[in-house]
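Quick notes on the structure that follows.
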Amino acid sequence: MRVVVSGGAGFLGSHLCASLLARGDEVVCIDNLVTGREANVATLVTNPGFSFIRHDVSNHVIVDGAVDAVMHLASPASPKDFSEIPIKILKVGSLGTHNLLGLAKAKGAKFFLASTSEVYGDPEVHPQPETYWGHVNPIGPRGVYDEAKRFAEAITMAYHRQHGVDVRIVRIFNVYGERMRPDDGRVVSNFIVQALSGKPLTIYGDGSQTRSFCYVADEIRGFLALLDSDYVGPVNVGNPNEFTVEELAHLVLEVTGSDSPIHREPLPVDDPTRRRPDLTLARRLFGWEPEVDLRTGLVRTAEWFRTIL
Ligand code: NAD
Ligand code: UDP
């Protein structure tokens, strides 16, 4: 297959490009490097099956030749980005998704959207099944991301219904692992960087809020299973084991052997209280199950961070 990956120089995108190449697919990576880095794909550029186009997909996208699949991952994704570049996020979720759907339609390619558990907002149903419509504040600080992704899902389904484009939508739940940005402000990268540099771990609020953290290799396996399936509609892909932020902080201190203290900071506005995927659909459709537990994944992630700090 010849696969276009938008956001391919980002955290998840670079792992996806590597996995596609490893199974023999050709990859055209499109990225404007707003939050990604060329270093993330440095080991791929010598692969003859890999090509890189530096471009903002919120503007018209041109790719020469045949394309079998378009995988749209381009979007800044950390809460820090929500306040720093909110308009870019809204544009890539709306205009960028429109442009890449247009590319998929023109090429007769499959379209794959990287959506998010954020479409559920601060959920009132727990764990979250795909049938839950969510609880999102459209005008809050996270609204720029949540609503952009909700629009992206809507236009993806519209292209399927009106133009017959073959579409996949993955709802991704908190992924961590090698090549996270050390300064992206997300909880796993923050805690590991703080622990390794002897600085206080910053717990926002009382630390009782929960997340379910999925190791990157498991997540990418889920992406490929969904891409190869024939299911149209959103599918949750994430780890079902739920941890409080407080528990995560102590686990990070343990696996890094750090004696950093804990420092409490205010809880950000609209921070979801709990989050855990209902995996019934992914299990039924393609028997997907995460394999890496949080401790093992954190050890691997911390090892990688040690090499770059
Ligand atoms: P990331 O910031 O590392 O990667 C996003 C990539 O997209 C970057 O390389 C960035 O430069 C690129 N990009 C952004 N806007 C662009 C534009 N207009 N044109 C071209 N390239 C652009 O983030 P990530 O964690 O790898 O996230 C990848 C995707 O997965 C995003 O769509 C995100 O919303 C989704 N997601 C991620 C998580 C997670 O836990 N990491 C959770 C839910 C959803
Ligand atoms: N968080 C924290 N300390 C940090 C960074 C984040 O306590 O240094 C909390 C944050 O308030 C949220 C959780 O960790 O409750 C996950 O935050 P992250 O930004 O990783 O992702 P998201 O909120 O989008 O799930």
Side-chain angles (χ1 to χ4, degrees), residues 5-17 29-38 40-41 53-59 61 71-82 85 88-97 99-100 112-119 122 142 145-146 148-149 152 170-177 179-181 184-194 199-214 216 219-220 223 236-239 243-246 248-249 252 262-275:
V5 179
S6 79
F11 163 49
L12 294 182
S14 60
H15 286 276
L16 174 64
C17 290
C29 166
I30 310 181
D31 201 300
N32 67 350
L33 303 178
V34 63
T35 54
R37 285 170 300 167
E38 271 178 301
N40 286 342
V41 290
I53 301 172
R54 186 164 180 175
H55 178 70
D56 180 341
V57 299
S58 299
N59 300 318
V61 177
M71 300 185 76
H72 179 32
L73 275 72
S75 172
S78 87
K80 202 171 139 196
D81 301 326
F82 304 168
I85 43 173
K88 284 188 196 304
I89 293 174
L90 283 159
K91 285 174 79 173
V92 74
S94 53
L95 305 175
T97 306
N99 288 333
L100 290 166
F112 178 105
L113 174 69
S115 185
T116 170
S117 53
E118 278 286 321
V119 300
D122 189 4
R142 303 177 81 99
Y145 181 69
D146 302 9
K149 290 291 186 181
V170 63
R171 289 186 179 155
I172 306 166
F173 285 66
N174 295 70
V175 187
Y176 69 98
R179 300 206 281 270
M180 291 186 91
R181 262 190 297 156
D184 76 354
R186 287 190 247 196
V187 70
V188 173
S189 43
N190 266 11
F191 284 178
I192 291 181
V193 170
Q194 289 160 344
K199 298 204 175 109
L201 269 60
T202 49
I203 292 186
Y204 302 160
D206 65 6
S208 65
Q209 70 273 34
T210 68
R211 296 292 186 274
S212 306
F213 301 98
C214 187
V216 63
E219 188 72 33
I220 300 299
F223 284 14
N236 292 336
V237 174
N239 191 301
F243 290 81
T244 65
V245 165
E246 182 86 34
L248 176 72
V252 168
I262 283 179
H263 177 72
R264 312 262 163 194
E265 293 189 8
L267 191 66
V269 176
D270 293 340
D271 197 285
T273 356
R274 54 194 184 158
R275 184 183 286 158

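Ligands are counted one by one from 1 in listed order, and the atoms in each one are counted from 1 as well. Residue numbers run from 1 in the order of the sequence given.
Every atom of ligand 1 with a heavy atom of N174 under 4.0 Å away is listed here by number and element: 40 (O). Taking a cut-off of under 4.0 Å to the non-hydrogen atoms of G185, the atoms of ligand 2 that pass are 5 (C). Every atom of ligand 2 with a heavy atom of N190 under 4.0 Å away is listed here by number and element: 4 (C), 5 (C), 8 (O). In the vicinity of I203, heavy-atom distances shorter than 4.0 Å reach the ligand 2 atoms 7 (O). Interface of K149 with ligand 1, defined as ligand atoms under 4.0 Å from a residue heavy atom, comprises 31 (C), 32 (O), 33 (C), 34 (O). Of all atoms in ligand 1, listed by their number and element, those nearer than 4.0 Å to a heavy atom of V175 are 39 (C), 40 (O). Against a heavy-atom cut-off of under 4.0 Å, H55 is close to the following atoms of ligand 1: 19 (N), 20 (C). Less than 4.0 angstrom separates some heavy atom of L33 from each of these atoms of ligand 1: 11 (O). The D56 neighbourhood of ligand 1 comprises atoms 17 (C), 18 (N), 19 (N), with distances under 4.0 Å to a heavy atom of that residue. Each of the following atoms of ligand 2 lies closer than 4.0 Å to a heavy atom of R186: 19 (O), 20 (O). Shown in contact with A9 at under 4.0 Å from a heavy atom are these atoms of ligand 1, numbered in order with element: 9 (O). Per-residue contacts place P268 under 4.0 angstrom from the following atoms of ligand 2 (heavy atoms of the residue considered): 11 (O). Near L12, meaning under 4.0 Å from one of its heavy atoms, ligand 1 places the atoms 26 (O), 30 (O), 37 (C), 41 (N).
Counting only heavy atoms of the protein, atom 19 (N) of ligand 1 lies nearest to V57 N, 2.9 Å. With hydrogens left out, the protein atom closest to atom 15 (N) of ligand 1 is V34 CG1, 3.5 Å, a heavy atom. Annotation: atom 4 (O) of ligand 1 to nearest protein heavy atom, G10 CA, 3.5 Å. Considering only non-hydrogen protein atoms, atom 11 (O) of ligand 1 sits nearest to D31 OD1, 2.6 Å. Scanning all protein heavy atoms for the shortest distance to atom 3 (N) of ligand 2 gives T202 O, 2.5 Å. For atom 1 (P) of ligand 1, the closest heavy atom belonging to the protein is T35 OG1, 3.8 Å. The protein heavy atom nearest to atom 16 (C) of ligand 1 is N32 OD1, 3.3 Å. Atom 5 (C) of ligand 1 has S75 O, 3.4 Å as its closest protein atom, hydrogens excluded (heavy atom only). The nearest protein atom to atom 19 (O) of ligand 2, hydrogens excluded, is given as P79 CG, 3.3 Å; this is a heavy-atom distance. When hydrogens are left out, the protein atom nearest atom 42 (C) of ligand 1 is I172 CG2, 3.5 Å; that is the closest non-hydrogen contact. When hydrogens are left out, the protein atom nearest atom 5 (C) of ligand 2 is Y204 CE1, 3.3 Å; that is the closest non-hydrogen contact. Atom 20 (O) of ligand 2 has V187 N, 2.8 Å as its closest protein atom, hydrogens excluded (heavy atom only).
For ligand 2, the polar-atom distance check finds an N/O of N174 within less than 3.5 Å of one of the ligand's N/O atoms. In terms of N/O distances under 3.5 Å, ligand 2 is approached by R275. Geometrically, ligand 1 and G36 share a nitrogen or oxygen pair separated by less than 3.5 Å. No N or O atom of R37 sits closer than 3.5 Å to an N or O atom of ligand 1. Residue-to-ligand polar distances keep T116 apart from ligand 1: every N/O pair is separated by 3.5 Å or more. For ligand 1, the polar-atom distance check finds no N/O of G13 at less than 3.5 Å from any of the ligand's N/O atoms. For ligand 1, the polar-atom distance check finds no N/O of I30 at less than 3.5 Å from any of the ligand's N/O atoms.
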Given the rule in the side chain to side chain contact (heavy atoms under 4.5 Å, CB included) test, do V57 and N99 qualify, once you have shown the distances and angles that lead to the verdict?
-> CA-CA 7 Å; V57 299; N99 288 333; 5.6 Å; no

Decide yes or no on side chain to side chain contact (heavy atoms under 4.5 Å, CB included) for H263 and L201, but give the supporting numbers first.
-> CA-CA 6 Å; H263 177 72; L201 269 60; over 6 Å; no

Before giving the answer on side chain to side chain donor-acceptor pair (under 3.5 Å), spell out for T202 and Q194 the whole-Å C-alpha distance, their side-chain angles and the decisive distance to 0.1 Å.
-> CA-CA 8 Å; T202 49; Q194 289 160 344; 2.9 Å; yes

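In this model, a donor atom of one side chain and an acceptor atom of the other lie less than 3.5 Å apart for D122 and T273. If you check the side chains of S78 and R186, you find no donor sitting under 3.5 Å from an acceptor. Using modelled atom types, one finds no donor on one side chain facing an acceptor on the other under 3.5 Å when comparing N32 with R54.
By the 4.5 Å heavy-atom criterion applied to side chains, F191 and V245 are counted as neighbours.
For atom 13 (C) of ligand 2, the choice among V245, L248, I262 with the nearest heavy atom turns out to be V245. Evaluated by nearest non-hydrogen atom to atom 23 (O) of ligand 1, the leading choice among M180, R181, R179, R186 is R186.
For the pair S6 and ligand 1, no heavy-atom separation below 4.0 Å is found. By the 4.0 Å heavy-atom criterion, Y176 is excluded from the residues contacting ligand 1. Using a 4.0 Å heavy-atom cutoff, S115 is listed among the residues neighbouring ligand 1. Contact between G96 and ligand 1 is absent, with no heavy atom of the residue lying under 4.0 Å from the ligand. A heavy-atom separation below 4.0 Å is found between R142 and ligand 2. Taking a 4.0 Å cut-off on heavy atoms, R171 fails to register as neighbouring ligand 1. Residue contacts with ligand 1 do not include E219, since none of its heavy atoms lies under 4.0 Å from the ligand.
At a threshold of 4.0 Å, the pair D31-R37 does not count as salt-bridged, since none of the basic side-chain nitrogens sits closer than that to a carboxylate oxygen. Residues D81 and R181 are paired through a salt bridge, judged by an N-O separation under 4.0 Å between the basic side chain and the carboxylate. Between R275 and E118, at least one side-chain N (NZ, or NE/NH1/NH2) sits under 4.0 Å from a carboxylate O, which counts as a salt bridge.
The aromatic rings of F213 and Y176 lie perpendicular to each other, with more than 60° between the two planes, well past the 30° mark.
Looking at Q209 against ligand 2, only its side chain comes within 4.0 Å, counting heavy atoms. Proximity of D271 to ligand 2, defined as any heavy-atom pair under 4.0 Å, is confined to the side chain (atoms from C-beta onward).
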